[in-house]
Amino acid sequence: MMNLETYNRIKKELGSEVGLIAVSKGQTGEKILSLYNQGHRDFGENFLQELVEKKNQLPDDIRWHFLGNIQSNKLPKIIESSYIIHSISRQKIYEILINAETNISTKILLQLKLGSEKTKGGFSENEIINIVKNHDRNSNVSIKGIMVISENNIDNVTRKQQFSQAKKLFEKIKKINNEIEILSMGMSNDYQVAISCDSNMVRLGTVIFGKRK
Ligand SMILES: *Cc1c(COP(=O)(O)O)cnc(C)c1O
């Protein structure tokens with residue numbers, strides 16, 4: 001059973017300024033529906049197949065946020081199925097996206113790489129600034145902001161420094177492109193630190209739904 005108490009407490013904690021993506025990967029449709037029935041509409045998934053299966057079974061007005069690794073051959077289907085793609089983390093994928101022959105308008109976030117962890121993907125700050133500067137505002141692709149995943153083995157002081165750095169970058173690119181409005185930063189373990197650094201969208205899975213399958 002879903003514990004709605006935690007959901008309601010966190011909603012209150014976040015207030016109206018911070019958006020909440022309920023990360024439903026590895027969670028049942030039943031749990032998703034119980035949040036849906038509370039009025040929640042934004043859910044996050046990492047795997048295309050799982051997203052499509054859930055999308056086919058669940059209400060049409062759910063906004064699905066894609067958070068996972070992107071393989072180029074799956075991109076058309078990801079575009080078609082997602083409200084916002086948070087995990088654009090490679091130049092090649094960005095280029096395929098802007099050259100895609102589709103009339104569907106696509107909202108994306110550019111994933112920022114923090115620190116030096118080799119396993120995490122993402123762009124450097126300079127790469128993000130360059131993409132934003134050169135982005136064709138008439139394209140079907142709209143850059144709405146940046147997405148940040150914090151490193152695993154760092155202390156909260158370092159984490160706070162890195163999140164603050166992300167916030168600075170966010171302010172910088174907002175001045176270049178006024179469509180930019182989303183700083184997607186904070187997961188179950190670090191969302192409070194992220195909010196203290198002005199994140200305006202958190203992506204919470206286990207803290208809301210419990211352990212994943
Ligand atoms: C899985 C995932 C989350 C949610 O993680 P929790 O620790 O369960 O809150 C958030 N963002 C991304 C990119 C994820 O892959």
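All values reported here derive from a predicted model rather than from experimental measurement. Numbering of ligands and ligand atoms starts at 1, following listing order.
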So which of G26, A22, S188 gets nearest to atom 9 (O) of ligand 1, if we judge by its closest heavy atom? S188

Proximal atoms of ligand 1 relative to L204 (non-hydrogen, under 4.0 Å): 9 (O)

Using a 4.0 Å cut-off to any heavy atom of I149, which atoms of ligand 1 qualify? 13 (C)

Nearest 0.5 Å, please: how far is OG in S24 from CG in L58? 8.5 Å

Rounded to the nearest 0.5 Å, what separation is found between the CD atom of Q27 and the CD1 atom of I32? 8.0 Å

Going by heavy-atom distance to atom 5 (O) of ligand 1, choose the closest among K211, M187, E45. M187

Going by the atom numbers of ligand 1, which of them fall below 4.0 Å from some non-hydrogen atom of T206? 6 (P), 7 (O), 8 (O), 9 (O)

So, regarding N189 and ligand 1 (criterion: nitrogen or oxygen to nitrogen or oxygen, under 3.5 Å), is there a contact or not? no

Ring centre gap for Y83 and H65 strictly below 6.0 Å: yes

Should G205 be counted as touching ligand 1, given the test is an N or O pair under 3.5 Å? yes

Mind checking whether N46 contacts ligand 1 via backbone (N, CA, C, O), side chain (CB onward), both or neither, at a 4.0 Å heavy-atom cut-off? side chain

How close does the nearest protein non-hydrogen atom get to atom 12 (C) of ligand 1, and which residue and atom is it? R203 NE, 3.8 Å

Just distance, no hydrogens or angles: give the donor-acceptor pairs under 3.5 Å from side chains in residues 8-15, sequence neighbours left out.
from : atom 1 : to   : atom 2 : distance (Å)
N8   : ND2    : L4   : O      : 3.1
E13  : OE1    : Y191 : OH     : 2.9
E13  : OE2    : Y191 : OH     : 3.4
E13  : OE2    : Q192 : NE2    : 2.8

Residue pair I88 / I70, side-chain heavy-atom distance below 4.5 Å: yes

Check the angle between the aromatic planes of H40 and Y7 and answer parallel, tilted or perpendicular using the 30° and 60° thresholds. perpendicular

N140 versus I104, closest heavy-atom pair with distance: CB-O, 3.7 Å

Between Y36 and R41, is there a cation-pi geometry (under 6.0 Å to ring centre, at most 45° from the normal)? yes

Taking the non-hydrogen atoms of R212, is any one of them nearer than 4.0 angstrom to ligand 1? yes

Heavy atom of the protein closest to atom 1 (C) of ligand 1 (residue, atom name, distance): K25 NZ, 1.4 Å

